[in-house]
Amino acid sequence: MKLDNIFDSALKDTLFTDKSVLQISYKPDKIPHRDEQIEHVASILAPVLRGERPSNLFLYGKTGTGKTLSVKFVKDKLIKRAEEAGVNLRIEYINCKLQKVADTEYRILATLISKLGGSVPATGLPTDQVYSRFIELVDEKKQLFVIIFDEIDHALKKISDNFIYSLTRLNSELSLAQISIIGISNDITFLENIDPRVRSSLGEEEVVFPPYNALQLQDILQERCMDAFKEGVVDEGVIAKCAAFAAREHGDARRALDLMRIAGELSERDGSRKVDLKYIDLANKKIERDKVLDIVETEPKQFQLVLYSILQLTKEMKKKNISEKMFTGDVYNCYQDVCTKTKNECLTQRRISDIIAEIDMLGLINARVISKGRHGRTREIKHLISDNILDKVEAILVDGLGL
DNA sequence: AGGTATTCACATGAAACTATTCTCTGAGTTAGG
DNA sequence: TAACTCAGAGAATAGTTTCATGTGAATACCTGT
């Protein structure tokens, strides 16, 4: 019986000792190649042990460079030491990217309050009341309060700058407690286009997390694989390749770990006793594939319509065997046809232009602005979806659009 | 031939409009005293 | 009477349209040799 085999192998032949080690949520007890940053952060925050307010701190670096991990690491140690030293210290971590948790001013305050042990209704209260409730709670005893805003750029896109600004100015209103803010962002340009007042108050100190290089990634993987996999399952070469893959993607450690985990899962499913080189390739494809499919599926209808039009046009071009270059105008015409056919409302060219630019940002298409001289300026568009998932993508689109 | 001016087909920006979701207020309701 | 609920006014927000302006180079048009 085939099923039995599957279940049997799931029970017996697992390659992992502890898969969670490779998951993002895992907190290792050492963080290789981040000593400098960790020390820096620690030295900035150290004054809390003397009961002084530390400077506000701003961290940036691309995804998967260990920002969150390092901060949490320092946070835990610091809390421990503060307890020993008898300092009243609170450090709260908030991820602004998680919608429903903290992507509006109100919600951020609400989460903070609930972490402080208070409670507010999920909705219905005026924001300034929540605000004063928060102040009240913080100020009820002498303490240092450090708030960590992860992915702060996400929040500030939606919320007005002066929320953070007023948070930083809050100290003057507090008599007993003191507040410090740690902002984490993976968009380096983010600080440049916000209110300068916020910039200077938030960025009293800055720490940059550079991307890992291939060798460092290799170290990290090595370390984790020792705990995650059984012995002899993963070869040196496999780790090296995995590191190389991730290093190409701006040194994203998260990516490297995902790759490793999925490669492990795939080879386990195959009943292999080792994680082979080929599984890294497979895993890479799978990640890519899942990412693309996920994007296509979750984008709004108008995006799907545009993407569908682009795919249709590519097909037509191939049939007629002309070069597969297409321009905004072509796409718009095709899009209009598709809209009438599917009875969707048709947006302006202006909007489609923006949508095309956005799909470009998502990496599904390549849209380059070129000038064709007398024949105007336009975008030259080409889709980047690899052939082996084209059918799947199309199926999703057809399904989603009710064609 | 070489230089300048035009012109195309959109790109890019700003402002206004619209529909939907959130916030906030006060009236009405409930339960306990 | 205090607490709670809930409808509807008003504000915030996202997505879009309208209007306006900008852009790079192939091409048309000169100009003097």
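Because only heavy atoms are used, hydrogens play no part in the values below, and waters and symmetry mates are left out as well, while side chains stay in. Protein chains get the first letters and strands the later ones, always in sequence-line order, with residue 1 at the start of each.
- Of the side-chain N and O atoms in A:R379, one or more sit less than 4.0 angstrom from OP1 or OP2 of B:dA11.
- One interatomic measurement links the two molecules: NZ of A:K372 to P of C:dG24, which rounds to 17 Å at whole-angstrom precision.
- The only member of A:I389, A:I359, A:L362, A:I396 that meets side-chain contact (heavy atoms from CB on, under 4.5 Å) when paired with A:V296 is A:I396.
- Because its NZ or CZ atom is not both nearer than 6.0 Å to the ring centre of A:Y212 and within 45° of the ring axis, A:K62 does not count as a cation-pi partner of that residue.
- A donor N or O paired with an acceptor N or O is not found under 3.5 Å between the base of C:dT17 and the side-chain atoms of A:R351.
- Note: OH (A:Y332) to P (C:dT16) measures 12 Å, nearest angstrom.
- For the pair A:K72 and A:Y93, the distance from NZ or CZ to the six-membered ring centre is under 6.0 Å and the angle to the ring normal is within 45 degrees.
- Of the charged side-chain nitrogens involved, at least one lies within less than 4.0 Å of a carboxylate oxygen, so that A:R261 and A:E265 count as a salt-bridged pair.
- A donor atom on one side chain and an acceptor atom on the other are found under 3.5 Å apart for A:R255 and A:N284.
- Between A:D354 atom CG and B:dG13 atom P the separation is 10 Å, expressed in whole Å.
- In this structure, CZ of A:R377 is placed 14 Å from P of B:dA9, rounded to the nearest angstrom.
- Here the C1' atom of nucleotide B:dC10 and the CE atom of A:M326 are 17 Å apart, to the nearest Å.
- Taking only distance into account, the side chain of A:R374 never meets the base of C:dG24 through a donor-acceptor pair shorter than 3.5 Å.
- For A:S371, no side-chain nitrogen or oxygen approaches OP1 or OP2 of C:dA26 to under 4.0 Å.
- Applying the 4.0 Å criterion to OP1 and OP2 of C:dT16, one finds that A:T348 has every side-chain N and O outside that range.
- One can place CZ of A:F327 at 14 Å from C1' of C:dA26, the figure rounded to the nearest angstrom.
- Atom CD of A:E358 and atom P of C:dA14 are 13 Å apart (whole Å).
- Of the side-chain N and O atoms in A:T378, none sit less than 4.0 angstrom from OP1 or OP2 of B:dA9.
- The side chain of A:R350 has B:dG13 as its nearest neighbour among C:dT27, B:dG13, C:dT17.
- Atom-to-atom, OH of A:Y335 to P of C:dT16 comes out at 8 Å; the value is rounded to the nearest Å.
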